[in-house]
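This report concerns only the one structure given below.
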Amino acid sequence: MANHVAEEKPLRKMAEAFKDLANTLNSQTLDEAAKMEVAPFSHACTLVSPLFRCLGIAFKFAELDYVAKVNDLAEASKSITTLHTMMDQDIQANCVRKAGSHTRNLLRVKRGLDMVKVLFEEIIASEGNSLKDPASKAYTQVFAPYHGWAIRKAVSAGMYALPTRQQLMIKLNEDDSARTQMQNYVASCDTVILYIDKLFTSRDLGTDW
């Protein structure tokens, strides 16, 4: 059991999975609309879940919401091949903005990925052992505009229970390569997020809801 735990590298798995997604998008020719399959996308997203858990109570709400939405996309991948098709089916069914729709869940998952990207950018740019500033900036930038006062207040209180940078690295079983893995995730995730944003804007759905 100890050896199995020692082999777990959540941060590395995240970075590698999103690098694969970005490579898939980048490898498609310019004269075809880039397509991403739901199955590998949802699988990569599941690999982000351990990070939310490691952040503790401040992001507990985000973890629960994120995991539920990713599970929905994973279930959808059994019958729907691409994100394109998934969104177009919701548009045809006139249920894009309804709670539980795959498209609405995709937008929420994308927001979770974006929060982690900003968090990593802030951690990379900061000095010291505290994660309070990086986590606060990531939450304020990505999630806060869509949350009511009660949730924002609860998150603010939870920030004082965040692990330190060192504790987070121990929880993630990471070493000196952590910064590199974060940088890899940021670069690859940026490509994926831009792609998803284009899926929404090209269908006149917007992403600010």
Side-chain angles (χ1 to χ4, degrees), residues 10-11 13-15 17-18 21 36 38-78 80 83 86-87 89-90 93 95-123 131-132 134-163 168 171-172 182 185-186 188-190 192-197 199-200 205-209:
L11 202 53
K13 287 182 178 179
M14 276 173 58
F18 277 87
L21 292 180
M36 182 181 292
V38 185
F41 173 75
S42 60
H43 173 68
C45 291
T46 63
L47 300 176
V48 179
S49 301
L51 178 73
F52 281 109
R53 280 197 296 276
C54 290
L55 290 173
I57 194 169
F59 288 93
K60 187 64 179 177
F61 76 96
E63 179 200 344
L64 295 173
D65 188 61
Y66 178 85
V67 169
K69 303 298 190 282
V70 172
N71 286 344
D72 172 73
L73 297 183
E75 190 63 28
S77 73
K78 296 176 182 178
I80 303 172
L83 295 181
M86 185 182 80
M87 294 178 71
Q89 285 182 5
D90 280 351
C95 68
V96 168
R97 294 202 179 208
K98 290 182 179 177
S101 84
H102 300 318
T103 301
R104 186 176 184 274
N105 289 344
L106 174 62
L107 181 59
R108 299 304 190 273
V109 168
K110 193 244 353 176
R111 215 162 272 158
L113 301 178
D114 201 11
M115 196 287 297
V116 173
K117 181 177 81 77
V118 176
L119 174 67
F120 283 176
E121 288 172 337
E122 293 295 332
I123 290 175
L131 292 183
K132 188 173 182 297
S136 296
K137 287 178 182 176
Y139 175 78
T140 300
Q141 182 174 323
V142 180
F143 284 146
Y146 306 98
H147 289 165
W149 178 85
I151 292 180
R152 294 200 305 270
K153 186 77 172 175
V155 171
S156 179
M159 289 292 176
Y160 293 95
L162 282 168
L168 179 63
K171 287 183 177 185
L172 293 172
M182 289 183 189
Y185 172 84
V186 167
S188 300
C189 190
D190 208 34
V192 174
I193 287 173
L194 286 172
Y195 168 76
I196 295 174
D197 281 342
L199 286 181
F200 278 86
L205 298 176
T207 58
D208 197 19
W209 50 278

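One is the number of the first residue; the rest follow in order along the sequence.
In this structure, Y195 and L83 have side chains that are in contact, with non-hydrogen atoms separated by less than 4.5 Å. Looking at T103 and F200, their side chains come closer than 4.5 Å, going by heavy atoms from C-beta outward. The shortest side-chain heavy-atom distance between I196 and M36 does not fall under the 4.5 Å cut-off. The shortest distance between side-chain heavy atoms of L51 and P10 does not fall below 4.5 Å.
Ring-plane geometry between Y139 and F61 is classed as perpendicular, the angle between the planes exceeding 60 degrees on a 0 to 90 degree scale with a lower cut at 30.
The neighbour count for H43 NE2, taken as heavy atoms of other residues, nucleotides or ligands under 6.0 Å away, does not exceed 12. No more than 12 heavy atoms of other residues, nucleotides or ligands shown are found within 6.0 angstrom of CD1 on I57. Within 6.0 Å of CH2 in W209 there are more than 12 heavy atoms belonging to other residues, nucleotides or ligands.
What you find for D197 and K110 is that their closest heavy atoms are OD1-NZ, 2.8 Å. The two residues R111 and T207 have their closest heavy-atom pair at NH2-O, 2.9 Å. Minimum interatomic distance between H147 and R152 (heavy atoms only, all atoms of both residues): O-NH1, 2.5 Å. Of all heavy-atom pairs between C54 and P163, the closest is O-CG, 3.4 Å. Between M86 and A76 the shortest heavy-atom distance is SD-CB, 4.5 Å. Annotation for F143 and A62: closest pair CE1-CB, 4.0 Å, computed over non-hydrogen atoms.
To the nearest 0.5 Å, atoms NZ (K60) and CG (D65) are separated by 12.5 Å. In this structure, the separation between CZ on R104 and CG on D72 is 11.0 Å, given to the nearest 0.5 Å. Interatomic distance, K13 NZ to F18 CZ, rounded to the nearest 0.5 Å: 14.5 Å. The distance from the OG atom of S136 to the CG atom of L119 is 10.0 Å, given to the nearest 0.5 Å. A distance of 9.0 Å separates OG of S101 from CG of L107, quoted to the nearest 0.5 Å. Separation of atoms CG (L205) and CG (L106) is listed at 10.5 Å; rounding is to 0.5 Å.
Judged purely by atom type and a 3.5 angstrom limit, Y66 uses its side chain to pair as donor or acceptor with the backbone of C45. Remark: the backbone N or O of H102 is paired with a side-chain donor or acceptor of D90 at under 3.5 angstrom. Using a distance-only test at 3.5 Å, with no hydrogens or angles considered, a donor-acceptor pair links the side chain of S77 to the main chain of A74.
Just one of L113, L47, L11 meets the side-chain contact (heavy atoms from CB on, under 4.5 Å) condition when paired with Y185; it is L113.
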What's the verdict on side chain to side chain contact (heavy atoms under 4.5 Å, CB included) for V118 and M115, showing C-alpha distance, side-chain angles and the deciding distance?
CA-CA 5 Å; V118 176; M115 196 287 297; over 6 Å; no
Verdict with supporting geometry, L162 and F59, side chain to side chain contact (heavy atoms under 4.5 Å, CB included)
CA-CA 9 Å; L162 282 168; F59 288 93; 4.2 Å; yes
